[in-house]
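Structure first, then comments.
The first residue in the sequence is number 1, and the count goes up from there.
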Amino acid sequence: MTPRMFYTLARVLAALTVIPFHEAGHALAAWLLGDPTAKQQGRLSLNPFRHFDLLGVGWAKPVSTDPRNFKNPKQGMALTALAGPVANLILAYLAMVVWKLLYYWAPVNDATIFLALFLQYLVYLDVSLA
């Protein structure tokens, strides 16, 4: 595998992880706050194919919500909107912890170098998406 393919694969896998995590965060918050719309549409999932828009390149479909299902519609919408970026920041933090553990404890080989690169892109994309 060429270095260029190595980097591209790490970026693609990171994007396939980060974007569904973000959208599932919105869906989970809406569901926990009383709106079953996203769950009924199958958006309460980390499956990338449930979240990516086939007409777009690298963007996700927005999670549908119905504010009428929230006890307090304004607060429910605000918390649902906030949940995606918060989910990304949590994932970025966890990726940084694993990245640091990998740096100090893992043997250096192609697999750990790829994993470190994947975690690095995961953090970058998570923070930028948040």
Side-chain angles (χ1 to χ4, degrees):
M1 182 181 287
T2 66
R4 185 179 191 138
M5 289 172 52
F6 198 69
Y7 291 116
T8 303
L9 181 61
R11 284 189 208 127
V12 168
L13 290 176
L16 288 174
T17 304
V18 168
I19 293 173
F21 204 82
H22 178 93
E23 296 302 326
H26 289 304
L28 179 63
W31 180 64
L32 291 174
L33 292 168
D35 181 15
T37 308
K39 184 176 182 184
Q40 291 168 349
Q41 294 175 347
R43 300 297 301 279
L44 193 57
S45 168
L46 293 176
N47 180 354
F49 298 110
R50 296 214 177 255
H51 298 287
F52 280 97
D53 188 354
L54 295 177
L55 295 178
V57 178
W59 65 66
K61 296 182 278 188
V63 171
S64 297
T65 55
D66 186 352
R68 296 173 294 180
N69 290 326
F70 296 130
K71 191 182 237 182
N72 182 341
K74 283 186 181 181
Q75 183 182 19
M77 289 303 290
L79 290 173
T80 299
L82 184 63
V86 168
N88 284 119
L89 292 176
I90 290 169
L91 186 58
Y93 176 76
L94 293 174
M96 284 190 288
V97 169
V98 174
W99 190 8
K100 199 59 149 176
L101 291 172
L102 191 70
Y103 179 78
Y104 283 113
W105 299 102
V108 177
N109 57 37
D110 286 343
T112 56
I113 291 170
F114 179 78
L115 184 56
L117 189 63
F118 166 74
L119 291 168
Q120 180 182 8
Y121 285 130
L122 197 68
V123 171
Y124 292 158
L125 288 173
D126 269 319
V127 171
S128 65
L129 194 56

Using the rule that two of Ile, Leu, Val, Met, Phe, Trp, Tyr join whenever any of their side-chain heavy atoms come within less than 4.5 Å, decide whether [X] and [Y] are in one cluster.
X      : Y      : result
Ile113 : Leu119 : yes
Leu46  : Val63  : no
Leu44  : Val18  : no
Val123 : Leu129 : yes
Leu117 : Leu9   : yes

Would Thr8 and Met5 count as a side chain to side chain contact (heavy atoms under 4.5 Å, CB included) if you check the C-alpha gap in whole Å, the side-chain angles of each, and the deciding distance to 0.1 Å?
CA-CA 5 Å; Thr8 303; Met5 289 172 52; 5.6 Å; no
How long is the span from the [atom1] atom in [X] to the [atom2] atom in [Y], to the nearest 0.5 Å?
X     : Y      : atom1 : atom2 : result
Ser45 : Lys39  : OG    : NZ    : 12.0 Å
Phe52 : Glu23  : CZ    : CD    : 9.0 Å
Tyr7  : Gln120 : OH    : CD    : 8.5 Å

Minimum heavy-atom separation for Trp99 and Ala116, please, with both atom names.
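Minimum heavy-atom contact is NE1-O, 3.9 Å.
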Can you name the nearest heavy-atom pair linking Pro20 to Ala15, along with the distance?
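Scanning both residues, the minimum pair turns out to be CD-O, 3.7 Å.
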Between Asn69 and Pro36, is there a side-chain heavy-atom distance shorter than 4.5 Å?
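The answer is yes; the side chains approach within 4.5 Å.
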Given Leu13 and Tyr121, is the side chain to side chain contact (heavy atoms under 4.5 Å, CB included) satisfied, shown in steps?
CA-CA 9 Å; Leu13 290 176; Tyr121 285 130; over 6 Å; no
Is the backbone of [Y] close enough, under 3.5 Å, to the side chain of [X] for a donor and an acceptor to pair up by distance?
X      : Y      : result
Thr112 : Pro107 : yes
Asp35  : Asp66  : yes
Thr65  : Pro67  : no
Ser128 : Leu125 : yes
Arg43  : Arg50  : yes

In a table with atom names and distances, give each donor-acceptor pair under 3.5 Å that connects a side chain of residues 73-97 to protein atoms at least two apart or in another chain.
unit_1 : atom_1 : unit_2 : atom_2 : d
Thr80  : OG1    : Gly76  : O      : 2.7
Asn88  : OD1    : His22  : ND1    : 2.4
Asn88  : ND2    : Asp126 : OD1    : 2.6

Phe118 and Phe114 aromatic ring geometry - parallel, tilted or perpendicular at 30°/60° bounds
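Correct class here is parallel.
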With a 6.0 Å cut-off (strictly less than), is the heavy-atom count around CZ of Phe6, excluding the residue itself, greater than 12?
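More than 12 heavy atoms, drawn from other residues, nucleotides or ligands, come within 6.0 Å of this atom.
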Report the C-alpha separation of His51 and Lys61 in whole Å, then their side-chain angles, then the decisive distance to 0.1 Å, and conclude whether the side chain to side chain contact (heavy atoms under 4.5 Å, CB included) test is met.
CA-CA 6 Å; His51 298 287; Lys61 296 182 278 188; 5.9 Å; no
